[in-house]
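Atoms considered below: every heavy atom in the structure, side chains included; atoms not considered: hydrogens, waters and symmetry mates. Predicted, not measured: the structure shown is a model, and the values here were computed from it.
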Amino acid sequence: MKTCFETIAVAFSMFSALPMPQFPWEGRNLRYAMCAFPLIGVVIGGLCYLWTLLCQWLAFPALVEGAVLCLLPAAVTGGIHLDGYCDTTDALASHGTPAQRQEILKDPHIGAFGVIRLCLYLLFTFALWTTLPERAGWAVWLSFPLSRCLSGLAVATFPLAKDTGLAHTFATAADRKRVAALLLAASLVLMALLCWSGLSGCAMVLAAVIVFWDYWHRAIKYFGGLSGDLAGWFLQRAELWMLAAAWLAAWKEWFA
């Protein structure tokens, strides 16, 4: 029980801005840390749901509700995944070799393409949350744990681009076969729940699978493997396109 608590605390300390007790990054705490990663998504989804209830109770404008839903995930995570999204966007825009793209990922400064894509990302997310029909239902909140299940699954199974960095630390310390099995099982359970929820959930599953395949393809072709920045890039894209898929499916049902 103590090791389990420490493992969860390590995962939250690394991948969220929530205050946590500090424990050493030892092998026993890192072995299953990726399995605790989806719990951060559960917290984000729960907070977003509570915010929507508060908005309904206090009759807040849709713009206020959508703005907070857009920014709340970044507030919980401290923007760690958005940082990877921006860095990877800059690297992909360079059209360089895998080695040159890896050098761009190391650069702590954000480039023009990263800034542009970040602005577009936030604007698109804001628009989707603001206009999301109620028919999308509770399924949308499962996008946050599902994206983290798939992200952790990739860390446990994809080849690594380098032997340093955050992804390498968690991948090499993990019991990769068991972690992959647990996260795959959790992903399938979440996907089953989404499909059971209706058309919006099915659309979200399809979007998640397509983005995950694209993640694998680009990671291998353009970077020679996975890195921490790529993991953040995937997570943000998965959440965005699952939300967009839910939006499209909900509007289709609305006009059916």
Side-chain angles (χ1 to χ4, degrees), residues 1-49 73-74 76-78 80-81 83-84 139 141-161 163-195 201 204-205 208-209 211-213 215-216 219 225-239 242:
M1 182 62 70
K2 179 182 178 182
T3 300
C4 180
F5 175 76
E6 291 181 2
T7 297
I8 293 173
V10 165
F12 271 78
S13 296
M14 187 60 246
F15 297 111
S16 83
L18 300 176
M20 284 285 148
Q22 298 300 307
F23 296 101
W25 284 30
E26 299 175 346
R28 63 190 180 93
N29 293 335
L30 293 177
R31 188 172 302 160
Y32 296 104
M34 293 310 302
C35 292
F37 187 30
L39 296 178
I40 302 172
V42 173
V43 171
I44 294 173
L47 290 175
C48 288
Y49 175 65
V76 173
T77 64
I80 184 174
H81 307 303
D83 176 69
W141 313 123
L142 295 183
S143 65
F144 299 107
L146 178 56
S147 65
R148 284 160 176 79
C149 282
L150 294 175
S151 182
L153 178 62
V155 171
T157 57
F158 286 13
L160 299 174
D163 57 2
T164 59
L166 189 61
H168 178 268
T169 299
F170 278 89
T172 55
D175 185 339
R176 297 181 74 169
K177 289 185 178 180
R178 290 187 179 182
V179 167
L182 289 170
L183 290 175
L184 177 60
S187 298
L188 293 175
V189 169
L190 289 171
M191 288 179 178
L193 286 172
L194 283 168
C195 291
M204 289 173 66
V205 170
V209 171
V211 174
F212 188 76
W213 177 85
Y215 175 32
W216 175 83
L226 178 144
S227 68
D229 285 318
L230 281 167
W233 173 76
F234 160 73
L235 188 145
Q236 296 293 162
R237 293 180 72 236
E239 290 178 357
M242 278 192 280

Minimum heavy-atom distance L183-M34, with the two atoms named: CD2-O, 3.8 Å

Nearest heavy-atom neighbours spanning S151 and F234: N-CE2, 3.6 Å

Nearest non-hydrogen partners of F12 and A36, listed with the distance: CE1-O, 4.4 Å

R148 side chain reached by L39 side chain, heavy atoms, under 4.5 Å: no

Heavy-atom side-chain proximity of T77 to I44 below 4.5 angstrom: yes

From L235 atom CG to L150 atom CG, the distance as rounded to the nearest 0.5 Å: 9.0 Å

F158: which of L153, L226, L230 passes side chain to side chain contact (heavy atoms under 4.5 Å, CB included): L226

Nearest heavy atoms of L190 and P145, plus distance in Å: CD1-C, 3.9 Å

Distance, nearest 0.5 Å, that separates CE of M204 from SG of C195: 10.5 Å

Nearest heavy-atom neighbours spanning Y215 and A231: OH-CA, 3.3 Å

Nearest-0.5 Å distance that lies between atom CD in E239 and atom NE2 in H81: 7.5 Å

Side chain to side chain contact (heavy atoms under 4.5 Å, CB included) assessment of V10 paired with F15: CA-CA 9 Å; V10 165; F15 297 111; over 6 Å; no

Side chain proximity check, M191 to V209, heavy atoms < 4.5 angstrom: yes

Student check: side-chain heavy atoms of C48 and F144 closer than 4.5 Å: yes

Distance (rounded to the nearest 0.5 Å) between F37 CZ and T7 OG1: 15.0 Å

Pairing residues for Q236 by the side-chain hydrogen bond (donor to acceptor under 3.5 Å, both in side chains) criterion, not counting sequence neighbours: Y121

Exceeds 12 heavy-atom contacts within 6.0 angstrom, atom CH2 of W216: no

Side-chain heavy atoms of D229 within contact of D83, under 4.5 Å: yes

A186: partners by side chain to side chain contact (heavy atoms under 4.5 Å, CB included), with sequence neighbours left out: C149

Residue pair L146 / S187, side-chain heavy-atom distance below 4.5 Å: yes

Heavy-atom closest contact (A208 atom, M242 atom, distance): CB-SD, 3.8 Å

